[in-house]
Amino acid sequence: MKKIIITAPTSAVASNFIKFVAGEYDIITLGRRDSHITFDFLKDEVPILPQNINAIIHFAGMMHANSDREILDMISTNVNGLIKLCIAAKRSSVQQIIYISSISAVLSENSKYFGYYSLTKKQAEEAARLYCKKNQMRLCILRPSQIFGDDEVYSKTQPLLYAMMRNAIKNKPITFYGTKDVLRNYIYADNLFLVIKKAIDLCSDDEIEVIDRKNYKLSEAAEIIIRAFHSKSEVQFLQDKADMADNSFFMRDDFFEKWNIPFIGFQDAMVRVSNKYLYGTKL
């Protein structure tokens with residue numbers, strides 16, 4: 001059984017990944033709370049890791065910065081925090097680091113959605129890539145798009161998508177701002193988890209866009225949700241509001257096909273989410 005370290009184990013994605021792979025790996029958690037190794041990526045120095053670790057899956061990161069203090073903290077957490085982990089991995093001869101970055105790292109500075117989060121994700125990738133290259137370490141970078149799943153904890157990072165689901169459950173209108181039917185790319189969490197597992201098994205050092213093969217207009221996504229939840233909701237555009245902006249992406253390489261991993265598209269994933277709700281999960 002491979003021994004892996006998972007950072008930020010109480011976060012939405014990491015906690016669900018732990019459930020997804022339960023019993024398949026010997027898991028050691030590292031984070032600020034409820035962890036085998038207590039460590040704060042913002043405040044603490046380099047962590048001390050055990051020996052004989054096959055892989056570290058780094059989920060930790062800061063997503064929002066609204067003040068000068070938070071901007072500084074985000075840079076320290078997202079960029080310096082990853083390098084601290086790389087240093088620790090070198091000292092303990094860890095075989096592989098898997099960095100859960102974000103598709104935001106590939107945004108151009110002209111994107112409406114480009115900000116300190118996307119900037120620090122990109123900088124973290126570049127710094128870790130250089131460090132690992134100089135120290136002959138294996139680094140795998142995964143860039144998921146907007147992650148959702150059948151656990152309500154994902155609503156904290158995807159409020160629009162889960163608002164659409166809640167309105168569908170209540171047969172209320174699903175509304176969007178402006179007149180433009182903008183594009184979005186959502187990835188079902190299980191897809192990301194399957195890629196992580198394969199990356200561990202192969203000790204991969206690839207860089208992978210973990211995104212849906214299709215970008216959906218918001219009205220398309222809403223109609224899929226309406227059908228999945230057997231809803232009577234209607235889609236409406238609030239034309240007196242400012243238009244939203246596209247946020248779409250495309251795979252450079254389809255690792256689901258390359259690695260023979262089953263892919264769960266948005267429509268099938270939403271059926272899974274609705275079935276979970278129908279059996280008692282609150283959204």
Side-chain angles (χ1 to χ4, degrees), residues 12-13 63-64 101-119 121-122 143-192 208-254 256 263-278 283:
V13 183
M63 291 191 65
H64 304 289
S101 182
S102 168
I103 198 66
S104 297
V106 305
L107 289 174
S108 73
E109 294 183 16
N110 296 323
S111 169
K112 180 181 178 182
Y113 298 99
F114 182 83
Y116 288 104
Y117 176 71
S118 48
L119 177 65
K121 283 293 185 178
K122 179 180 179 180
R143 302 187 188 101
S145 56
Q146 295 175 266
I147 304 168
F148 72 99
D150 48 21
D151 187 330
E152 192 175 6
V153 295
Y154 293 106
S155 65
K156 295 178 182 178
T157 54
Q158 302 304 330
L160 175 58
L161 184 64
Y162 282 82
M164 292 160 65
M165 294 185 215
R166 294 190 185 102
N167 283 8
I169 291 167
K170 298 174 183 177
N171 296 310
K172 294 171 63 177
I174 296 176
T175 58
F176 304 114
Y177 283 2
T179 60
K180 185 179 178 182
D181 198 359
V182 298
L183 293 169
R184 289 290 184 273
N185 193 291
Y186 294 105
I187 189 70
Y188 186 49
D190 285 15
N191 287 314
L192 173 61
I208 304 170
E209 278 79 38
V210 188
I211 62 179
D212 199 292
R213 290 167 172 157
K214 176 178 169 60
N215 295 298
Y216 287 89
K217 293 180 179 179
L218 282 179
S219 64
E220 291 180 297
E223 291 294 346
I224 288 170
I225 290 170
I226 289 168
R227 290 195 298 272
F229 284 90
H230 309 291
S231 174
K232 297 179 182 178
S233 295
E234 295 182 351
V235 178
Q236 298 177 357
F237 284 84
L238 305 180
Q239 299 186 13
D240 59 325
K241 303 290 186 180
D243 283 345
M244 301 170 70
D246 288 326
N247 202 23
S248 56
F249 303 93
F250 299 91
M251 289 181 176
R252 284 182 288 185
D253 293 294
D254 190 338
F256 293 95
F263 178 79
I264 306 159
F266 183 78
Q267 185 166 328
D268 291 337
M270 200 51 66
V271 170
R272 292 189 180 199
V273 174
S274 67
N275 285 342
K276 187 74 174 289
Y277 162 77
L278 294 173
L283 288 172

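Owing to the predicted nature of the structure, the values given are computational and were not obtained by experimental measurement. What you see below is based on every heavy atom in this structure, not just the backbone, and it leaves out hydrogens, waters and symmetry mates.
N171 and S231 form a side-chain donor-acceptor contact under 3.5 Å, judged by distance and modelled atom types alone.
The environment of Y177 atom OH is sparse: at most 12 non-hydrogen atoms of other residues, nucleotides or ligands sit within 6.0 angstrom. For Y154, the OH atom is densely surrounded, since the number of other residues' heavy atoms within 6.0 Å is greater than 12.
Residues D212 and Y186 come closest through the heavy atom pair CB-O, 3.1 Å. Between A168 and I225, the shortest heavy-atom contact is CB-CG2, 3.8 Å.
None of V235, L160, L183 except one satisfies the side-chain contact (heavy atoms from CB on, under 4.5 Å) rule with L218; the exception is L160.
Looking at D181, its side chain does come within 3.5 Å of a backbone N or O of S219 through a donor-acceptor pair. Between the side chain of S274 and the main chain of A228, a donor-acceptor pair closer than 3.5 Å is present. The backbone N or O of T179 sits less than 3.5 Å from a side-chain atom of D243, completing a donor-acceptor pair.
The pair E152-R166 meets the salt-bridge criterion, since a charged nitrogen lies less than 4.0 angstrom from a carboxylate oxygen.
Figure legend: R272 and Y188 shown without cation-pi pairing, the cationic atom not lying both under 6.0 angstrom from the six-membered ring centre and within 45 degrees of its axis.
Here CZ of F148 is found 9.5 Å from CG of D190. Values are rounded to the nearest 0.5 Å.
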